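What you see is a predicted model, and the numbers here were worked out from it, not measured in a lab. Computed from heavy atoms alone, side chains included, the values below leave out hydrogens, waters and symmetry copies. Residues: numbered from 1 along the sequence shown.
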Amino acid sequence: MNTNRERRTPKRERRIASVREGRLPAVVLVGRPNVGKSTLFNRLSGTRRAIVTAMPGTTRDVIGQPVEWEGARFELIDTGGMFGASQDPLHALVLERGRRAITSADLLILVVDGREGLVPGDREIAQVIRAADTPALLAVNKADDKRSKAGMLEFYQLGFDQVFEVSAEHGQGTGDLLEAVVQLLRLVPSGRGAADEPSVDDPDEAAAASPATPAEVGIAVVGRPNAGKSSLVNRLLREERMIVSELPGTTRDAVDTVFTWHRRQFRIVDTAGMRRAGRVARGGQVETVSVMLASRAIESADVVVLVVDASVGVTDQDAAIGGEADKAGRGIIIAANKWDLMKDRGSEFVKAFDEELRRHLKFLDYAPVLHISAATGERTPKLLEMIDRVAASRNKRVRTGELNAFVKKVTDAHPPASPGRTHVRVLYAAQTSVAPPTFVFFTNVATTFHFSYERFLVNQIREAFGFLGSPIRVHVRKRRREDRG
């Protein structure tokens with residue numbers, strides 16, 4: 001098999017054109033279960049995105065991560081184990097997703113296990129790659145083992161022009177593999193020149209030049225198992241990207257996908273269902289790591305979509321997940337999913353449902369609530385609109401003059417409590433940061449406000465300036481002598 005031939009088929013012409021249009025080229029790792037694809041994915045991407053265990057079939061969904069090597073960038077994609085033995089009840093769906101990733105790849109890397117030697121499953125996948133007519137490399141993993149050295153030559157039977165001995169666990173040979181990827185894809189460095197860098201001499205100028213929303217909005221879709229998170233992601237992407245089944249715990253990795261909506265770029269992350277800590281511990285290593293990755297997705301997101309199963313109602317675990325997003329300072333939207341099952345309940349049910357939701361999640365009173373159906377698509381376009389609004393809201397900045405006029409008006413009418421003899425006065429305030437919006441109130445004596453007054457200020461700020469779906473942080477400082485001018 002000549003995997004590096006230069007013959008330009010229509011399929012390859014389309015693939016090259018798509019790369020030129022600005023999309024990062026896709027480099028897809030394929031192979032049997034448990035050959036080390038996820039370990040290699042983590043090593044090449046410099047992350048811990050993929051779950052790694054000794055259990056075959058741990059990876060189910062297709063996960064991607066941008067990778068940069070010597071200034072050249074591409075999207076590295078990990079797939080579930082194809083062919084070979086698997087006891088995973090969803091293996092057929094995993095195989096389907098793997099085949100789909102192969103057809104959309106710009107470059108394929110077949111990962112094999114050097115310790116086991118060449119097996120029939122490797123030959124089957126090599127045939128699939130040959131049929132895809134896509135450039136490909138062969139990575140013989142676990143090459144640091146003596147058993148691997150003895151059987152290296154037999155892998156040349158697969159017909160790959162370039163064969164690399166690597167150790168995903170220790171990093172051996174991965175640099176050579178990355179260089180071959182860059183050369184085959186004819187990638188060039190994509191860094192900006194010094195002239196394109198914004199000036200940092202004037203912080204006010206830098207703040208004014210910064211966009212109201214980030215260039216790419218990160219979305220984490222979170223919730224309990226079987227709330228419909230993967231179905232929702234598929235609906236928003238308009239493709240069956242995520243594996244969906246009635247089996248709890250179907251999604252394991254935190255799987256992210258980049259898409260464009262109304263000329264805005266979003267990176268949406270589907271996460272594993274998050275159960276209570278005790279149940280997670282009993283679920284074993286895979287579930288423990290899955291929940292950890294879901295928590296990381298919350299921390300790195302701009303907006304968190306908390307998916308609540310409307311047919312079950314709001315639970316304490318929903319509140320715990322929402323609390324984690326609030327603590328992380330993310331924008332939050334509550335999506336009551338499976339609303340198509342609730343339509344015949346009448347308006348009184350809707351009112352009672354929303355009241356119960358707000359009671360359970362009262363600390364998220366700033367988060368908008370949408371009644372949606374991932375199954376039918378009802379109000380899912382509205383969800384994208386809301387995500388865009390919340391992302392912009394958490395990056396909003398209030399001008400200092402406008403803020404202090406507001407502060408004077410509010411504190412004159414409702415001054416903070418004075419625990420001692422000295423009357424507490426709010427002298428001025430400043431918004432010190434965004435995402436989440438953070439405000440510092442300078443006073444003459446107080447270093448803290450009573451929690452009820454702090455909540456009052458937050459509500460007043462929200463009423464005056466918006467900040468839809470975003471938590472607001474308030475800090476209090478006593479004015480120092482040097483601040484008095």
Enter the distance from Ile332:CD1 to Leu364:CG here, rounded to the nearest 0.5 Å. 5.0 Å
Show the nearest heavy-atom pair for residues Phe164 and Ala180, with the distance to one decimal. CZ-CB, 3.3 Å
Is it the case that the side chains of Thr39 and Asn42 hold a donor-acceptor pair, with the cut-off being a distance below 3.5 Å and no angle test? no
Okay, side chain of Thr134, backbone of Ala132: is any donor-acceptor separation there less than 3.5 Å? yes
Any non-hydrogen side-chain atom of Arg462 less than 4.5 Å from a side-chain atom of Tyr366? yes
Are Thr438 and Thr432 close enough, and set up right, to give a side chain to side chain donor-acceptor pair (under 3.5 Å), and what steps lead you there? CA-CA 6 Å; Thr438 302; Thr432 56; 5.0 Å; no
Rounded to the nearest 0.5 Å, how far apart are OG of Ser373 and CG of Leu341? 7.0 Å
For the side chain of Ser393 and the backbone of Val390, is there at least one donor-acceptor N/O pair under 3.5 Å apart? no
For a quick check under 3.5 Å, do Thr376 and Asp340 share a side-chain donor-acceptor pair by atom type? no
Cation-pi, Phe266 ring and Arg264 (6.0 angstrom, 45 degrees): yes
How far does CG of Leu138 sit from CZ of Phe155, to the nearest 0.5 angstrom? 7.5 Å
Hey, is Asp113 close enough to Lys142 for a salt bridge, meaning N to O under 4.0 Å? yes
Please check if the side chain of Asp122 supplies one atom and the backbone of Val119 the other of a donor-acceptor pair under 3.5 Å. yes
Knowing that exactly one of Ile109, Leu110, Asp78 qualifies, which makes a side chain to side chain contact (heavy atoms under 4.5 Å, CB included) with Val30? Leu110
Note: Arg224-Asp309 ion pair, threshold 4.0 Å (strictly below): no
Would a distance-only check, ignoring hydrogens and angles, find a side-chain to backbone donor-acceptor pair under 3.5 Å from Arg389 to Leu468? no
Between Arg330 and Val304, is there a donor-acceptor pair closer than 3.5 Å when you use the side chain of the first and the backbone of the second? no
Is a donor on one side and an acceptor on the other found under 3.5 Å between the side chain of Asn395 and the backbone of Ala435? no
Calculate, to the nearest 0.5 Å, the distance between atoms CZ and OG belonging to Phe74 and Ser45 respectively. 9.0 Å
Quick one: closest heavy-atom pair of Gly31 and Ile125, and the distance? C-CD1, 3.5 Å
To the nearest 0.5 Å, how far apart are CG in Leu236 and CD1 in Ile372? 7.5 Å
Is it true that a side-chain atom of Asn141 and a backbone atom of Val35 form a donor plus acceptor pair closer than 3.5 Å? yes
Is there a side chain to side chain contact (heavy atoms under 4.5 Å, CB included) between Ile102 and Val128 once you walk through the steps? CA-CA 8 Å; Ile102 286 176; Val128 173; 3.8 Å; yes
Begin from the C-alpha positions of Leu370 and Lys382 and carry the test side chain to side chain contact (heavy atoms under 4.5 Å, CB included) through to its verdict. CA-CA 8 Å; Leu370 292 179; Lys382 183 69 175 177; 4.0 Å; yes
Indicate yes or no for a side-chain donor-acceptor contact from Thr174 to the backbone of Gly171 under 3.5 Å, with no hydrogens or angles considered. yes
Can you give me the closest heavy-atom contact between Arg358 and Val369, atom names plus distance? NH2-CG2, 3.4 Å
Taking all atoms of both residues into account, what is the closest heavy-atom pair of Asp318 and Leu306, and its distance? O-CD2, 3.7 Å
Stepwise side chain to side chain contact (heavy atoms under 4.5 Å, CB included) check, Ile321 with Gln317: CA-CA 6 Å; Ile321 299 170; Gln317 182 59 13; 3.8 Å; yes
Are any non-hydrogen side-chain atoms of Ile334 and Leu357 less than 4.5 angstrom apart? yes
Using a strict 4.0 Å threshold on nitrogen-to-oxygen distance, state whether Glu324 and Lys327 make a salt bridge. no
From the list Ile129, Leu76, Leu108, side chain to side chain contact (heavy atoms under 4.5 Å, CB included) with Val28 holds only for Leu108
Regarding Asp161 and Tyr156, do their side chains bring together a donor and an acceptor under 3.5 Å, going by distance alone? no
Where do Glu75 and Gln65 come nearest, in terms of heavy atoms and distance? OE2-N, 3.5 Å
In terms of side-chain geometry, is the basic nitrogen of Lys343 or Glu378 positioned less than 4.0 Å from the acidic oxygen of its partner? yes
Distance-minimising heavy-atom pair for Gln172 and Asp144: OE1-CB, 3.7 Å
Side chain to side chain contact (heavy atoms under 4.5 Å, CB included), that's the test. Do Leu185 and Asp106 meet it? Break it down for me. CA-CA 8 Å; Leu185 292 175; Asp106 298 295; 4.0 Å; yes
Asn337 versus His371, side-chain donor and acceptor atoms under 3.5 Å: no
Under 6.0 Å from the CZ atom of Arg473, do we count more than 12 heavy atoms belonging to anything else shown? yes
Are any non-hydrogen side-chain atoms of Asp302 and Arg394 less than 4.5 angstrom apart? yes
Quickly, which of Leu178, Val27, Val166 forms a side chain to side chain contact (heavy atoms under 4.5 Å, CB included) with Leu44? Name it, please. Leu178
Applying salt bridge (Lys or Arg N to Asp or Glu O under 4.0 Å), name anything that partners Glu179, two or more places apart in sequence or on another chain. none
Give a yes-or-no answer on whether the side chains of Asp388 and His262 include a donor-acceptor pair shorter than 3.5 Å. no
What is the distance from atom CG of Leu237 to atom CG of Leu232, rounded to the nearest 0.5 Å? 9.0 Å
Short question: side chain of Arg32, backbone of Gly121 - any donor-acceptor pair under 3.5 Å? no
Between the side chain of Gln431 and the main-chain N/O of Lys396, is any donor-acceptor distance below 3.5 Å? yes
